Amino acid sequence: GGGEEFGFRPGGWRRGPVDQAGEDHEVRVRIALDDAFRGAERTLNLDVRERGPDGRVRAKPRSLQLKIPAGVTNGQRIRLAGQGSPGVGRGGSGDLYLLVELEPHARFRVAGRDLYTDLPVAPWEAALGATITLPTLAGTVSLSVPPGASSGQKLRLRGSGLPNPSGAPGDLYVEVRIVTPKKTSAAERQ
């Protein structure tokens, strides 16, 4: 008695406190594509399952300040050391792993670090070539559509995809979509 604990250690059961590392946890986090591109800080509110002193598992609300590094990708795991369940005795806390899920974007599709978008062009712009303003995650760029472009043709903007902290960034692929305007001006008709 007297509050002493018995624990199994190599060599058998012995008297004294039990040291046990805390459990690791994994939580899915949805991140906006703009935050994945630039990096961001945000508060993350989540329920982490923890085992209480009575041995029962409970969902415990936690609030964490999260720094999202620029260039995170879909399915990537971010490790927050020591943010899992607390350990017992001298056992350290477990880790919290965040499984990144990129939210769908209105303009861009994601494949790894590469981004894909559609570029609507008028038939005469496709036939004669044109310089078109294109919004990207990094800002607006001028894109040259070559003369004779066909619908479905892909133009590549090298390095304009998601950044890569340990290598080359992804690319932005722009797919030409020829669309016929419902109304045209006299200059366009000419």
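Fair warning: this is a prediction, and the values are worked out from it, not measured in the lab. Throughout, numbering of the chain's residues begins at 1 and tracks the sequence.
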*Over all heavy atoms of both residues, which pair between Pro169 and Pro163 is shortest? Give the atoms and the distance, please.*
CB-CA, 4.0 Å

*Is there side-chain contact between His105 and Val110, with heavy atoms separated by less than 4.5 Å?*
no

*Roughly how far, to the nearest 0.5 Å, is CZ of Arg177 from CD of Glu175?*
4.0 Å

*Can you tell me how far the CG atom of Asp35 sits from the CG atom of Leu102, to the nearest 0.5 Å?*
10.0 Å

*To the nearest 0.5 Å, tell me how far Arg158 CZ sits from Leu172 CG.*
13.0 Å

*Examine Phe37 and Val29 and state if one hydrophobic cluster contains both, with Ile, Leu, Val, Met, Phe, Trp and Tyr joined whenever side-chain heavy atoms are less than 4.5 Å apart.*
yes

_Are Val141 and Val174 connected into the same hydrophobic cluster when the rule is that any two of I, L, V, M, F, W, Y join if their side-chain heavy atoms are below 4.5 Å apart?_
yes

*Flag yes if Leu64 and Val100 sit in one hydrophobic cluster, no otherwise; membership is Ile, Leu, Val, Met, Phe, Trp, Tyr, and two members link when side-chain heavy atoms are under 4.5 Å apart.*
yes

*Would you confirm whether Arg107, through its side chain, and Leu137, through its main-chain N or O, come within 3.5 Å as a donor-acceptor pair?*
no

*asked:* Rounded at 0.5 Å granularity, tell me how far CZ in Arg38 sits from CG in Leu162.
replied: 11.0 Å

*asked:* With heavy-atom distances below 4.5 Å as the criterion, would you say the side chains of Glu125 and Val145 are in contact?
replied: no

*asked:* Test of understanding: clusters of I, L, V, M, F, W, Y form through side-chain heavy atoms closer than 4.5 Å, transitively. Do Leu99 and Leu33 belong to the same one?
replied: no

*Ser151 and Ile178: which non-hydrogen atoms are nearest, and at how many Å?*
OG-N, 3.3 Å

*Nearest heavy-atom neighbours spanning Asp114 and Gly170*: OD1-CA, 3.4 Å

*Going only through I, L, V, M, F, W and Y residues with side-chain contacts under 4.5 Å, is there a path from Val176 to Leu134?*
yes

*Are Leu44 and Val27 side-chain neighbours, meaning at least one heavy-atom pair lies under 4.5 Å?*
no

*Considering non-hydrogen atoms only, spot the tightest contact between Tyr116 and Ala111 and give its length.*
CE1-CB, 3.9 Å

*asked:* Any non-hydrogen side-chain atom of Pro120 less than 4.5 Å from a side-chain atom of Val179?
replied: yes

*asked:* Minimum heavy-atom separation for Pro135 and Phe108, please, with both atom names.
replied: O-CZ, 3.5 Å

*Roughly how far, to the nearest 0.5 Å, is CG of Leu157 from CG of Leu115?*
10.5 Å

_Listing request: all salt bridge (charged side-chain N to carboxylate O under 4.0 Å, His left out) pairs with a residue in residues 64-73, at least two apart in sequence or in separate chains._
none

_If you define the side chain from C-beta out and look only at heavy atoms, does anything of Leu155 sit under 4.5 Å from Pro146?_
yes

*Is Arg113 reaching over with its side chain to a backbone N or O of Gly161, donor-acceptor style, under 3.5 angstrom?*
no

_My understanding is that only residues two or more places apart in sequence, or in another chain, count here; which of them pass salt bridge (Lys or Arg N to Asp or Glu O under 4.0 Å) with Asp171?_
Arg156

*Over all heavy atoms of both residues, which pair between Asn74 and Glu101 is shortest? Give the atoms and the distance, please.*
OD1-CA, 3.3 Å

_Return the CG to NZ distance between Asp118 and Lys154, rounded to the nearest 0.5 Å._
9.5 Å

*Residues in side-chain hydrogen bond (donor to acceptor under 3.5 Å, both in side chains) with Gln65, at least two apart?*
Thr43

